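Please read the structure below before turning to the comments.
This structure is a prediction, so every number in the text was calculated from the model and none was measured. The figures that follow rest on heavy atoms only: side chains count, while hydrogens, waters and symmetry mates do not. The residues of the chain are indexed from 1 along the displayed sequence.
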Amino acid sequence: MYGWSVNLSIRPSRSETPAEAEATARASSVQGIMPGTRVAAKSGWRLVEELEIGEELLTFDNGYQRVAGVVRTPVWSDALQVADRALPVVVPTGALGNRDAIVLPPAQGVMLECDAVRDPMGDPFAILSARALEGFCGLARQPPPQPVDLISLQFATEEVIYVDGGLRLHCRPTPLPPQGSDPAELLYSVMPNAEARALLAGISDVRAALTRGADYVLRATALRHIASAPRTP
């Protein structure tokens, strides 16, 4: 996808200019999905850049839900202008159940299923940022080969969607709850990085914890494609 590959070369460290600090802050905080990534929709697997408001996507908690907003945010216009901590995270093919190599911004939330954690409903799920997963299952940072418009999908409520074969990604609600409002208004919150890293270090099979349930999505979408395919004479 877009010529991405894992490259573990280290860039020389240097002081940031104000413009670079601003670019780093933006790239470090934005959530979104890279163009070229397929998302599980009612009509089958769809490229995220082709989705429109009103299209129904398969969600983890609430079945099919309509997309309420599609926001494109330019990031990494010059990869040299952002610090390493703001670079995207490359997920190699099959590392987290993904059929192809995909790329996640460092702040993008990924769902983990683990008995050691509980969400507000008492279920064993948590949202970890992609940056917390660096070093696990072969995930690594990689400067982008070109500027990117990340695509953020928004719903009326907070949702978790399926991408590229069953990987579960967190989508923020729109509008966001006001700052300082009751945290109970959100079912999920992204776990702090240090806490997430400590949790991952204690899990014997991180890949299984991140992909549990993916087989169901693959079977369901495959059956839908077969059922909707035109019959041959």
Test log, rule side chain to side chain donor-acceptor pair (under 3.5 Å), inputs His170 and Glu159 = CA-CA 6 Å; His170 179 241; Glu159 299 292 354; over 6 Å; no

Please step through side chain to side chain contact (heavy atoms under 4.5 Å, CB included) for the pair Val67 and Glu52, ending with a clear verdict.
-> CA-CA 7 Å; Val67 175; Glu52 299 178 350; over 6 Å; no

Inter-residue atom distance [X].[atom1] - [Y].[atom2], 0.5 Å rounding:
{"X": "Cys171", "Y": "Ile161", "atom1": "SG", "atom2": "CD1", "value": "4.0 Å"}
{"X": "Leu96", "Y": "Ile102", "atom1": "CG", "atom2": "CD1", "value": "7.0 Å"}
{"X": "Leu133", "Y": "Leu104", "atom1": "CG", "atom2": "CG", "value": "8.5 Å"}

The criterion is side-chain hydrogen bond (donor to acceptor under 3.5 Å, both in side chains); which residues satisfy it with [X], sequence neighbours excluded?
{"X": "Asp100", "value": "none"}
{"X": "Gln65", "value": "none"}
{"X": "Asp149", "value": "none"}

Is the closest side-chain heavy-atom distance between [X] and [Y] below 4.5 Å?
{"X": "Glu113", "Y": "Arg168", "result": "yes"}
{"X": "Tyr162", "Y": "Leu57", "result": "no"}
{"X": "Glu55", "Y": "Lys42", "result": "no"}
{"X": "Val148", "Y": "Met34", "result": "yes"}
{"X": "Val160", "Y": "Leu169", "result": "no"}
{"X": "Thr37", "Y": "Leu47", "result": "no"}
{"X": "Val103", "Y": "Val89", "result": "no"}

Apply side chain to side chain contact (heavy atoms under 4.5 Å, CB included) to Asn193 and list each qualifying residue two or more places apart in sequence or on a separate chain.
->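 Side chain to side chain contact (heavy atoms under 4.5 Å, CB included) list for Asn193, sorted by chain: Ser129, Arg131, Ala132, Arg197.
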
Does Ala198 have any side chain to side chain contact (heavy atoms under 4.5 Å, CB included) partners at least two apart in sequence or in another chain, and if so, which?
->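 Result, side chain to side chain contact (heavy atoms under 4.5 Å, CB included) vs Ala198: none returned.
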
Write down the atom of [X], the atom of [Y], and the distance for their closest heavy-atom approach.
{"X": "Ile203", "Y": "Ala209", "answer": "CG2-CB, 4.4 Å"}
{"X": "Thr93", "Y": "Arg99", "answer": "CG2-O, 3.2 Å"}
{"X": "Leu51", "Y": "Arg46", "answer": "CD2-CB, 3.8 Å"}
{"X": "Phe136", "Y": "Leu200", "answer": "CZ-CB, 3.5 Å"}
{"X": "Pro88", "Y": "Pro106", "answer": "CA-CD, 4.2 Å"}
{"X": "Ala95", "Y": "Cys137", "answer": "CB-O, 3.2 Å"}

Passing candidate, side-chain contact (heavy atoms from CB on, under 4.5 Å) with Leu139, options Val110, Val91, Val206, Val90 |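 Looking at Val110, Val91, Val206, Val90, the match for Leu139 under the side-chain contact (heavy atoms from CB on, under 4.5 Å) is Val91.
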
Give a yes or no on whether a salt bridge exists between Arg141 and Glu134, defined as a side-chain N under 4.0 angstrom from a carboxylate O.
->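 Glu134 and Arg141: salt-bridged.
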
Taking the side chain from [X] and the backbone from [Y], do they hold a donor-acceptor pair closer than 3.5 Å?
{"X": "Arg207", "Y": "Gly94", "answer": "yes"}
{"X": "Ser152", "Y": "Gln31", "answer": "yes"}
{"X": "Arg66", "Y": "Ala156", "answer": "no"}
{"X": "Gln108", "Y": "Gly32", "answer": "yes"}

Which residues share a ring-ring contact (aromatic ring centres under 6.0 Å, His included) with Phe125, sequence neighbours left out |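 For Phe125 the ring-ring contact (aromatic ring centres under 6.0 Å, His included) partners, ignoring immediate neighbours, are Phe60.
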
Indicate, with yes or no, if Ile33 and Val71 share a hydrophobic cluster defined by side-chain heavy-atom contacts under 4.5 Å among Ile, Leu, Val, Met, Phe, Trp and Tyr.
->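 Shared cluster, no.
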
